[in-house]
Amino acid sequence: MRLKILGCSGGVGGPLRSTCLQLDHDIIIDSGTGVGDLTLEEMAALRHIFLTHTHMDHISFLPLLIDSIFDRIKEPIIIHALPESIEALRKHIFNWIIWPDFSKLPSTDHPVIKFEPMRPGEKITLDGRTIEMIPVNHVVPGVGYRVEGPQGVFAFSGDTTSNDCFWQGLNARDRLDLLIVECAFTDDDLELSKKAYHYCPSLLTDDIAKLKHRPDVYITHAKPGQECVICEQVKTALQKLSIHVPVQCLTGGEIFTL
Ligand SMILES: [Zn+2]
Ligand SMILES: [Zn+2]
């Protein structure tokens, strides 16, 4: 299983790209601006898109992606997401006003995209990779994913603040090698983190303490310019809790093989 980080920032500007994780050649998780770095051929090879939630930084390039490969694909791209997320996409994006309804184009019999509702706890196995949806706690309905391949397991939190459900979901399984978890703000923005339903280092590390696994931890979704401060605050807080895991901030472009 090859995981490439196409986008991992809480914003854009210069080299920064918003959330998109590419799994092998055929799957992406979220469709933020990072997907725009793929070639047309790479975009046309995508078969499945798993969404964590409908915020703009996670779906902004979904309409453009679909339009770009409209005439290149023979089978619809499957968009896996919560029923609430699908409803929101239909109502607010693919509504013929912001963008055409590509689930009915070029015809209802042979559309270019197909929405596939998925619920927390559900798993889908695609060519030996099992993708499980796990609930989180965000300001809109949101989920993370645990992905198990033949040789390793990673999990991605999506956007969330303090919760038990994501950590219980990971603890229910017996392996976790790599954890990609959001930490949008520094501890100076503790109150903002709570209001915006994101993590800051103190909230995140209190939750990592709930995890029975000791994976490599990669921070994502940092506010632009705050990456180093956030990473150092996470490391310091984990040390205080006597939790010894390697922690790094994702910068984009990383490739993991697992
Ligand atoms: Zn969000
Ligand atoms: Zn976000």
Side-chain angles (χ1 to χ4, degrees), residues 3-23 28-37 49-65 79-93 98 118 120 133-147 154-163 165-167 169 179-186 189-201 203-204 207 217-227 229-231 234 249-254:
L3 171 67
K4 183 170 184 189
I5 310 301
L6 297 177
C8 57
S9 178
V12 293
L16 301 179
R17 304 283 185 272
S18 77
T19 307
C20 185
L21 279 56
Q22 185 187 20
L23 183 57
I28 55 172
I29 301 177
D30 283 344
S31 189
T33 67
V35 80
D37 288 339
I49 301 175
F50 289 81
L51 296 178
T52 59
H53 66 299
T54 50
H55 276 161
M56 190 58 92
D57 51 326
H58 300 255
I59 60 130
S60 49
F61 271 27
L62 179 61
L64 298 169
L65 163 70
I79 300 177
H80 307 266
L82 285 170
E84 298 92 324
S85 300
I86 292 171
E87 192 186 332
L89 286 172
R90 284 189 185 284
K91 189 172 174 188
H92 300 295
I93 302 287
I98 299 296
M118 192 172 178
M133 181 181 262
I134 305 178
V136 296
N137 180 22
H138 198 37
V139 67
V140 295
V143 297
Y145 292 99
R146 177 187 183 274
V147 182
F154 77 90
F156 171 52
S157 69
D159 286 8
T160 183
T161 189
S162 306
N163 69 84
C165 42
F166 181 65
W167 307 96
L179 172 66
I180 298 173
V181 64
E182 79 121 288
C183 194
F185 300 114
T186 69
D189 286 323
L190 173 63
E191 289 312 310
L192 176 61
S193 301
K194 290 178 182 172
K195 265 189 209 156
Y197 286 72
H198 281 291
Y199 277 130
C200 61
L203 297 179
L204 171 60
D207 274 10
V217 175
Y218 287 85
I219 304 297
T220 183
H221 211 291
K223 195 174 171 194
Q226 301 287 315
E227 296 89 349
V229 180
I230 289 169
C231 195
V234 170
C249 199
L250 287 175
T251 56
E254 292 91 345

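Start at 1 and go down the list; that is how both ligands and their atoms are numbered. Throughout, residue positions are numbered sequentially from 1 according to the sequence presented. Worth knowing before you read on, the calculation uses all heavy atoms, side chains too, and leaves out hydrogens, waters and symmetry mates.
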### Query
How far does CG of Asp57 sit from CG of Asp159, to the nearest 0.5 angstrom?
6.0 Å

### Task
Please check if the side chain of Glu84 supplies one atom and the backbone of Leu82 the other of a donor-acceptor pair under 3.5 Å.
no

### Query
Listing residue and atom name, which protein N/O/S atoms are closer to the Zn ion (ligand 1) than 2.8 Å?
His53 NE2, His55 ND1, His138 NE2, Asp159 OD2

#### Entry: Nearest-0.5 Å distance, CE of residue Met118 to CZ of residue Phe50
5.5 Å

### Message
Only N/O/S atoms count here: what is the atom of His221 closest to the Zn ion (ligand 2) called?
### Response
NE2

### Query
Does the gap between the ring centers of His221 and His58 come in under 6.0 Å?
yes

### Summary
CZ of Phe61 to CZ of Arg17, rounded to nearest 0.5 Å, is 8.0 Å

### Separation of Ile59 CD1 from Leu89 CG (nearest 0.5 Å)
5.5 Å

